[in-house]
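Computed from heavy atoms alone, side chains included, the values below leave out hydrogens, waters and symmetry copies.
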Amino acid sequence: MTTLPPTAFGLGALPGTDFAQAADVVLSESPLPHVPQLPDRGVGSDLIGRTAAMLEIPVARGPRGWRVAARASKDADRMERDLDQLEELWHGKTDTVKVQLAGPFTLAAEIEMSNGHRMITDPGALRDLTDALLEVSVAHRRDVEKRFGASVLQLDEPRLPEVVAGTLKGATDFETIRAIPEPEETLARFSEHLLHTPTLLNVPWFTTDPRTADKDALARLLDGGARIAIPAMQPRELYNVFDQLQIDPAATTVDVYAEPAPTLTGTAANYRAAREMAEDLGPAP
């Protein structure tokens with residue numbers, strides 16, 4: 001797995017509209033700073049809009065959400081502008097930055113084709129979208145690395161549980177969208193990354209709350225050498241889970257993630273708690 005030592009980080013989204021203030025919280029409270037996402041800035045600032053704006057495939061808002069369009073979004077250069085500002089704010093202060101993109105299945109579930117059907121209903125469209133996203137991830141990381149030195153990729157897949165289970169709703173009540181029960185092969189195309197999704201998959205590095213996760217599935221993944229990122233909690237809570245799983249915590253690499261709060265002040269406190277827990281856990285052997 002990654003040579004990145006155990007660390008703490010935010011997941012990406014932050015409250016408010018002030019990019020500089022958000023960047024200050026991320027840098028001051030997180031050992032692994034990330035590109036801030038500010039959904040409150042409006043249309044195109046959410047996870048799907050930010051990722052879609054970087055695709056070669058033009059995507060814009062439609063009547064029900066995002067859809068393939070005739071021309072690119074007017075926000076296509078927003079990420080470039082954000083990185084320019086971030087470079088000014090963080091110059092010489094960090095050498096590794098985490099970037100967050102929507103994963104291929106969530107993108108395909110959220111973006112409609114011109115015929116009104118989700119892209120995930122068409123294997124060819126899903127393949128083309130995955131190819132386009134892969135190009136974006138490589139180019140985006142290269143841009144970040146040129147500015148700061150190194151990057152870490154996080155793929156956000158909030159719709160993956162529905163995709164795997166085949167419960168994603170179609171464009172009409174009569175449309176059934178096929179399940180994709182084994183998405184790991186597609187995700188592996190993105191090389192080393194952190195997968196942020198509510199479901200447990202057989203991938204090398206993923207977010208999970210071990211207190212509520214399926215214990216048998218989690219034990220199998222940890223036995224196989226998976227690295228996990230967990231929410232901030234009392235270290236004894238984590239050790240209790242490892243006792244239940246009969247897994248040696250010293251043999252597992254554990255990162256700690258922070259969720260955003262309604263305010264930047266609250267978010268800073270959450271980031272601080274994640275950092276302090278990571279420090280309490282200490283380095284993996």
*Asks:* Do Met119 and Val68 make a side-chain contact, defined as non-hydrogen atoms from C-beta onward lying under 4.5 Å apart?
*Replies:* yes
*Asks:* Do Val35 and Val25 belong to the same hydrophobic cluster, where Ile, Leu, Val, Met, Phe, Trp and Tyr are linked whenever their side-chain heavy atoms lie under 4.5 Å apart, directly or via other members?
*Replies:* yes
*Asks:* Any chain of hydrophobic side-chain contacts (each under 4.5 Å) joining Ile48 to Leu55?
*Replies:* yes
*Asks:* How about Leu238 and Pro210: do any of their side-chain heavy atoms sit closer than 4.5 Å?
*Replies:* yes
*Asks:* One pair to check against side chain to side chain contact (heavy atoms under 4.5 Å, CB included): Met113 and Thr121. What are the steps and the verdict?
*Replies:* CA-CA 10 Å; Met113 298 177 289; Thr121 62; 3.7 Å; yes
*Asks:* Could you grab the distance from atom CG of Asp214 to atom CZ of Arg220, nearest 0.5 Å is fine?
*Replies:* 7.0 Å
*Asks:* List the steps and the verdict of side chain to side chain contact (heavy atoms under 4.5 Å, CB included) for Leu83 and His140.
*Replies:* CA-CA 10 Å; Leu83 289 180; His140 184 37; 3.9 Å; yes
*Asks:* Do Thr106 side-chain atoms and Gly103 backbone N/O form a donor-acceptor pair below 3.5 Å?
*Replies:* no
*Asks:* Any side chain to side chain donor-acceptor pair (under 3.5 Å) involving residues 8-25? Give me the pairs, sequence neighbours left out, ordered by first then second residue.
*Replies:* none
*Asks:* Taking the side chain as every heavy atom from C-beta outward, state whether Val164 and Pro161 have any pair of such atoms under 4.5 Å apart.
*Replies:* no
*Asks:* So, the side chain of His34 versus the backbone of Leu32: is there a donor-acceptor pair under 3.5 Å, distance only?
*Replies:* no
*Asks:* Rounded to the nearest 0.5 Å, what's the gap from CE on Met79 to CG on Leu86? Could you check?
*Replies:* 10.0 Å
*Asks:* Search all heavy atoms of Phe242 against all heavy atoms of Pro249 and return the closest pair with its distance.
*Replies:* CD1-CB, 3.7 Å
*Asks:* Please report the C-alpha distance between Arg50 and Asp156 in whole Å, then the side-chain angles of each, then the deciding distance to 0.1 Å, and finally whether the salt bridge (Lys or Arg N to Asp or Glu O under 4.0 Å) criterion is met.
*Replies:* CA-CA 12 Å; Arg50 283 171 65 82; Asp156 292 329; over 6 Å; no
*Asks:* Return yes if some donor-acceptor pair links the side-chain N/O of Glu157 with the main-chain N/O of Leu195 below 3.5 Å, else return no.
*Replies:* no
*Asks:* To the nearest 0.5 angstrom, please state how far the CG atom of Asn270 sits from the OG1 atom of Thr265.
*Replies:* 11.0 Å
*Asks:* Hey, could you give me the CD/CD distance between Glu56 and Glu135, rounded to the nearest 0.5 Å?
*Replies:* 6.5 Å
*Asks:* Do the side chains of Leu14 and Tyr271 get nearer than 4.5 Å, heavy atoms only?
*Replies:* yes
*Asks:* Is there side-chain contact between Ser45 and Asp40, with at least one heavy-atom pair below 4.5 Å?
*Replies:* no
*Asks:* Is it the case that one hydrophobic cluster holds both Val43 and Met54, taking links as side-chain heavy atoms less than 4.5 Å apart, direct or via other members?
*Replies:* yes
*Asks:* Test your reading of the model: is there a side-chain donor-acceptor pair from Ser151 to the backbone of Val144, 3.5 Å cut-off?
*Replies:* no
*Asks:* Check this for me: does any side-chain nitrogen of one of Arg147 and Asp143 sit under 4.0 Å from a carboxylate oxygen of the other?
*Replies:* yes
*Asks:* Is it possible for you to say whether Tyr257 and Val152 belong to one hydrophobic cluster, with membership spreading through side-chain heavy-atom contacts below 4.5 Å?
*Replies:* yes
*Asks:* Given the rule in the side chain to side chain contact (heavy atoms under 4.5 Å, CB included) test, do Leu126 and Ile180 qualify, once you have shown the distances and angles that lead to the verdict?
*Replies:* CA-CA 11 Å; Leu126 174 59; Ile180 303 177; 3.9 Å; yes
*Asks:* In terms of hydrophobic clusters joined by side-chain contacts under 4.5 Å, are Phe206 and Leu245 together?
*Replies:* yes
*Asks:* Verify, without hydrogens or angle tests, whether Gln154 (side chain) and Leu11 (backbone) share a donor-acceptor contact under 3.5 angstrom.
*Replies:* yes
*Asks:* Which heavy-atom pair separates Thr51 from Ala102 by the least distance, and what is that distance?
*Replies:* OG1-N, 3.0 Å
*Asks:* Ignoring hydrogens, what is the shortest heavy-atom contact between Leu155 and Pro104? Give both atom names and the distance.
*Replies:* CD1-CD, 4.5 Å
*Asks:* Quick one: does any side-chain atom of Trp66 pair with a main-chain N or O of Leu107 as donor and acceptor, under 3.5 Å?
*Replies:* no
*Asks:* Any side-chain heavy atom of Asp84 sitting closer than 4.5 Å to one from Glu88?
*Replies:* no
*Asks:* Which heavy-atom pair separates Ala109 from Leu168 by the least distance, and what is that distance?
*Replies:* CB-CD2, 3.6 Å
*Asks:* Hey, is the main chain of Ala261 close enough, under 3.5 Å, to the side chain of Thr267 for a donor-acceptor pair?
*Replies:* yes
*Asks:* A side-chain contact here means heavy atoms from C-beta on lying under 4.5 Å apart; do Leu201 and Pro183 qualify?
*Replies:* yes
*Asks:* Is the closest basic N to carboxylate O distance between Arg272 and Glu276 below 4.0 Å?
*Replies:* no
*Asks:* Treating Glu237 as the side-chain partner and Gln234 as the backbone partner, does any N or O pair qualify as donor plus acceptor under 3.5 Å?
*Replies:* yes
*Asks:* With rounding to the nearest 0.5 Å, note down the distance linking CD1 in Ile228 to CG in Leu194.
*Replies:* 11.5 Å
*Asks:* Hey, could you give me the CD/CZ distance between Glu184 and Arg189, rounded to the nearest 0.5 Å?
*Replies:* 15.0 Å
*Asks:* Ring-plane angle category for Trp205 and Phe9, please: parallel below 30°, perpendicular beyond 60°, tilted otherwise.
*Replies:* perpendicular
*Asks:* Taking all atoms of both residues into account, what is the closest heavy-atom pair of Ala8 and Pro31, and its distance?
*Replies:* O-CD, 3.3 Å
*Asks:* Determine whether a donor-acceptor pair (N or O, by modelled atom type, separation under 3.5 Å) exists between the side chain of Arg159 and the backbone of Ala108.
*Replies:* no
*Asks:* Evaluate the side-chain proximity of Pro123 to Arg178: yes if any heavy-atom separation is below 4.5 Å, no if none is.
*Replies:* yes
*Asks:* With side chain to side chain contact (heavy atoms under 4.5 Å, CB included) as the test, would you mind laying out the steps for Leu4 and Arg227 before giving the verdict?
*Replies:* CA-CA 11 Å; Leu4 181 75; Arg227 175 174 182 162; 4.2 Å; yes
*Asks:* Is there a donor-acceptor contact under 3.5 Å from the side chain of Lys215 to the main chain of Val241?
*Replies:* no
